[in-house]
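Okay, structure first, notes after.
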Amino acid sequence: MEAVIGLLPPHVRALALVAFNAHLRLGEVLALRCSDIDLERARVRVALGVTETKDGQHEGQTKTASQRLIDVDRETVALLAQILSLRDPLSDERLFRRPDGRVLRHQHVQRAWSNARASVGLPALHFHDLRHVGLTMIAETGAPLSVLKHRAGHGTIQAAMNYQHRATERGAQEAELFAKRKLEERQRVVLERQAKLKDDEGDQLPV
């Protein structure tokens with residue numbers, strides 16, 4: 001997942017990281033305003049969603065017609081602070097835009113994502129999988145169904161049950177546990193790669 005994100009253009013990479021860490025749908029992250037970011041409380045307000053039709057981009061309610069506040073980890077806060085340092089943090093302008101200032105649309109993100117996933121040999125990895133992986137990792141921290149339902153913006157508990165594994169405390173602690181879970185996953189991948197390299201070197205030794 002992070003290998004694909006790392007190959008995205010900087011403005012799309014930032015959007016993808018926020019989508020992953022806050023478990024947002026593409027339409028939700030595209031609709032974020034600068035004023036939706038609360039750096040002091042480490043929260044993102046999700047109030048709107050953007051859809052694409054043949055007539056262009058349209059903004060309205062989220063998929064479940066709900067609004068929510070999402071606690072995010074320190075890594076995400078630092079990224080958002082960097083973005084807002086170049087913008088008016090109180091404005092209602094879109095948080096994510098194209099480098100020339102124009103509106104960022106679904107097709108721009110999807111095109112960049114398709115190119116990046118092809119480069120790492122993962123053609124079946126969809127942008128929406130960022131949300132699924134993030135929610136699964138949150139569930140693995142022990143988040144209760146109520147937290148999963150809130151963070152995902154699901155309309156029912158049944159939808160959140162797809163990610164539920166065990167129960168624990170809720171709120172901002174979940175964001176920090178999520179950050180820890182990401183670090184553990186990165187370390188696991190590194191160890192697996194090192195082990196594979198060692199095995200490959202062993203296979204090449206003369207008998």
Say you draw a straight line from [atom1] of [X] to [atom2] of [Y]; how long is it, rounded to the nearest 0.5 Å?
X: Arg151; Y: Arg131; atom1: CZ; atom2: CZ; result: 11.0 Å
X: His58; Y: Thr53; atom1: NE2; atom2: OG1; result: 3.0 Å
X: Leu8; Y: Asn115; atom1: CG; atom2: CG; result: 9.5 Å
X: Met1; Y: His132; atom1: CE; atom2: NE2; result: 10.0 Å

TODO: For this output row, return yes or no: ring centroids of Phe96 and His108 closer than 6.0 angstrom.
DONE: no

Side-chain donor/acceptor pairs under 3.5 Å, residues 76-84, sequence neighbours excluded:
{"unit_1": "Thr76", "atom_1": "OG1", "unit_2": "Asn21", "atom_2": "ND2", "d": "2.9"}
{"unit_1": "Thr76", "atom_1": "OG1", "unit_2": "Asp73", "atom_2": "OD1", "d": "2.8"}

- [ ] Let me see the working for Leu95 and Leu15 under side chain to side chain contact (heavy atoms under 4.5 Å, CB included), right down to the final yes or no.
- [x] CA-CA 9 Å; Leu95 180 67; Leu15 176 145; over 6 Å; no

Open item on the list: Could you check whether any side-chain heavy atom of Glu52 comes within less than 4.5 Å of a side-chain heavy atom of Gln110, counting everything from C-beta outward?
Closed with: no

Open item on the list: Any non-hydrogen side-chain atom of His106 less than 4.5 Å from a side-chain atom of Leu30?
Closed with: yes

Task: Counterpart residues, side chain to side chain contact (heavy atoms under 4.5 Å, CB included), relative to Glu2 (two or more places apart) - done: Arg186

Task: Salt-bridge present (Arg188, Glu192; N to O < 4.0 Å) - done: yes

Task: Contacts of type salt bridge (charged side-chain N to carboxylate O under 4.0 Å, His left out), residue Arg98, not counting sequence neighbours - done: none

